[in-house]
Structures are given as structure tokens and as C-alpha cells.
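The first residue in the sequence is number 1, and the count goes up from there.
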Amino acid sequence: MKTPKTLFLAWKDPISPNWFTIGRLTFDKNIYQFVYTQGVKEAEEKCAFTPLLSFPRLNEVYTSTYLFPVFANRVMSRSRPDYSSFIEWLDLPDGGDDPLEILARSGGERVTDTFAVFPDPEVDEEGRYNLYFFSQGLRHLPRSAIDRINQFEPGEKLWLAREFQNPYDDRVLISNTSDRSIVGYFPRYLLAEVFELLRQNSNLEVRVERVNKPPTPLQFRLLCKMSVHCRDDFRLFSSCQYQPPIAEIAVKSA
């Protein structure tokens with residue numbers, strides 16, 4: 001796994017199921033840079049999003065020689081007794097030395113706020129995008145679903161299916177291929193992208209990457225890998241919601 005060069009910051013409206021991509025973090029091996037994306041305008045208009053205290057103005061580029069606290073605070077401290085177990089759950093090949101790598105794989109979600117982090121994947125040597133994510137919503141599933149997850153082997157194929165039963169909470173289900181048991185939900189902050197991929201691609205594939213056995217917390221129980229070979233004219237996370245709101249914005253150092 002290559003260390004990601006770009007991470008996106010997603011925000012969930014506290015009173016609705018809506019997620020918005022509001023920011024983009026980049027790192028060039030020397031300088032971290034954060035900028036709000038055009039998705040923040042939609043978050044403002046629909047759900048009254050207000051700028052983060054660390055980044056109070058929407059039209060600035062924030063730079064720093066260290067990882068901004070809003071991201072650094074989402075990386076587990078090495079002093080935690082469960083740190084080594086956490087890195088194993090993430091299945092990081094390099095031992096979890098890079099904070100961006102940890103954030104890209106873990107999602108950086110915390111119970112104290114409504115943000116999540118996800119990477120902008122690069123095309124591999126086979127021309128495919130690979131995106132890793134943990135199956136969500138496991139605490140809402142019956143015990144039989146958790147037992148089924150615990151029996152998975154790496155490489156088993158999974159299915160994505162759109163749920164239409166609740167018109168106010170659009171979701172994508174994850175199920176296994178043998179008995180179609182529901183084994184979780186696709187992350188909501190990636191739904192817009194996966195809907196487009198499902199619409200235009202027949203080669204989108206989701207497989208089990210790793211199963212972390214009990215007593216691993218449910219949010220890290222099932223690690224999945226989505227792979228897709230996109231058309232030459234398509235790139236993941238390239239729509240306007242992932243781009244800065246204006247072409248020229250002021251630069252501010254942290």
C-alpha cells in the first residue's frame with residue numbers, strides 16, 4: 001500500500017443522515033496543506049455547516065509543517081496499550097508508521113464528533129483503483145450476521161446492493177455471495193461515488209480483505225477492499241464537490 005498523498009474530510013449533519021465532503025488535505029513530504037472543497041457550500045446551504053475553528057475562513061489555503069490537530073487527534077497514540085492491536089486490525093503492511101496511512105485505512109471517525117477521513121486512491125499497476133473500508137452498522141445487525149462475518153476468509157467476494165425501503169435514508173447494503181446475508185453497510189460518505197461506479201461499471205468488485213476476530217470492536221471487524229477498473233475518462237473523486245471552491249485563494253500558514 002502506498003502512503004496516500006491526498007485525504008478528504010467528510011462531515012455528517014448531526015440531525016440527518018446526510019454526509020458532505022468539505023475539505024481536502026494534501027502532503028508533499030514537507031508541507032501539509034488543507035483547503036475547503038466545493039462540497040462545503042452544499043453543506044452550508046442544506047445543513048447550516050459552520051467552518052471549523054482550526055480553519056475559520058473558507059477561501060484560504062492552510063499550510064503547516066506538522067499534521068493539523070483536527071487530523072492528528074484522529075490517529076491513535078502509540079502510548080495506548082491497544083495500539084499494536086489497532087495497527088493489526090488495519091492490516092497495514094508497513095507497521096502503521098505514517099499517520100496519513102493510518103487515517104486512510106481507519107477512517108479517523110470518533111464518537112465525539114461527526115467527521116470521517118478517506119483517501120484519494122491512485123491507479124495501481126493494473127490500472128485499477130483500490131479503496132479499503134470497514135463494513136459499517138454492524139451493531140444494528142442480528143447475531144447471525146456477526147457469526148457469518150467471523151467465518152469469512154480473505155478474498156471472499158461480497159455484493160453491494162442499494163436499499164430502497166427507506167426513502168429518507170439511502171444506503172448500500174453489503175452481502176456475501178453464498179446466502180446473501182447482510183453483513184454491513186457501505187460508508188455513507190462514499191455513496192455518491194459508488195452509485196456512479198455501479199451505474200457505469202460492470203467490473204466493480206468488493207472482497208473480504210481481513211476479518212478481525214472477537215473481541216475486536218465491531219467497527220473494525222470486517223475490512224473490505226473495493227476494486228474497479230474505470231474508463232480512461234473517469235477518475236474517482238474528481239467531481240466539483242472534491243475541488244476547491246474558487247481557483248485562486250489566499251494562503252495561510254499554521
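- Checked by atom type and distance alone, the side chain of Tyr62 pairs as donor or acceptor with a backbone atom of Arg57 at under 3.5 Å.
- Scored by the side-chain contact (heavy atoms from CB on, under 4.5 Å) test, Ser54 finds no partners at all (sequence neighbours excluded).
- In terms of the salt bridge (charged side-chain N to carboxylate O under 4.0 Å, His left out) criterion, Asp28 has no residue partners (sequence neighbours excluded).
- With rounding to the nearest 0.5 Å, the separation of CD in Gln136 from CZ in Phe186 is 9.0 Å.
- You'll find the ring centres of Phe34 and Tyr36 inside the 6.0 Å limit.
- No donor-acceptor distance shorter than 3.5 angstrom exists from the side chain of Ser135 to the backbone of Cys224, with no hydrogens or angles considered.
- The distance from atom CH2 of Trp89 to atom CG of Leu223, rounded to the nearest 0.5 Å, is 13.0 Å.
- In this structure, the side chain of Arg105 engages the main chain of Asp91 through a donor-acceptor pair within 3.5 Å.
- Taking both residues in full, the closest heavy atoms of Glu209 and Pro154 are given as O-CB, 3.8 Å, listed atom of the first, atom of the second, then distance.
- To the nearest 0.5 angstrom, Met226 atom CE is 14.0 Å from Arg207 atom CZ.
- Without hydrogens or angle criteria, Asn18 side chain to Asp13 main chain gives no donor-acceptor distance under 3.5 Å.
- Under the 4.5 Å side-chain criterion, counting only non-hydrogen atoms from C-beta, Asn150 is in contact with Arg221.
- Closest approach of Leu141 to Ile182, counting heavy atoms only: CD1-O, 3.9 Å.
- In this structure, Arg235 CZ and Asp120 CG are separated by 4.5 Å, a value rounded to the nearest 0.5 Å.
- Taking the six-membered ring where the residue is Trp, the centroids of Phe237 and Phe118 are separated by under 6.0 Å.
- Aromatic pair Phe55/Phe68: centroids less than 6.0 angstrom apart.
- The two residues Arg24 and Pro244 make their nearest non-hydrogen contact at NH2-CG, 3.5 Å.
- A donor atom on one side chain and an acceptor atom on the other are found under 3.5 Å apart for Tyr242 and Glu193.
- Across all their heavy atoms, Asn212 and Glu88 have their closest contact at OD1-O, 4.1 Å.
- Between Arg128 and Asn130, the side chains place no donor N or O within less than 3.5 Å of an acceptor N or O (distance only, hydrogens not considered).
- Remark: of the listed residues Thr26, Leu67, Thr65, Leu67 is the sole one forming a side chain to side chain contact (heavy atoms under 4.5 Å, CB included) with Tyr32.
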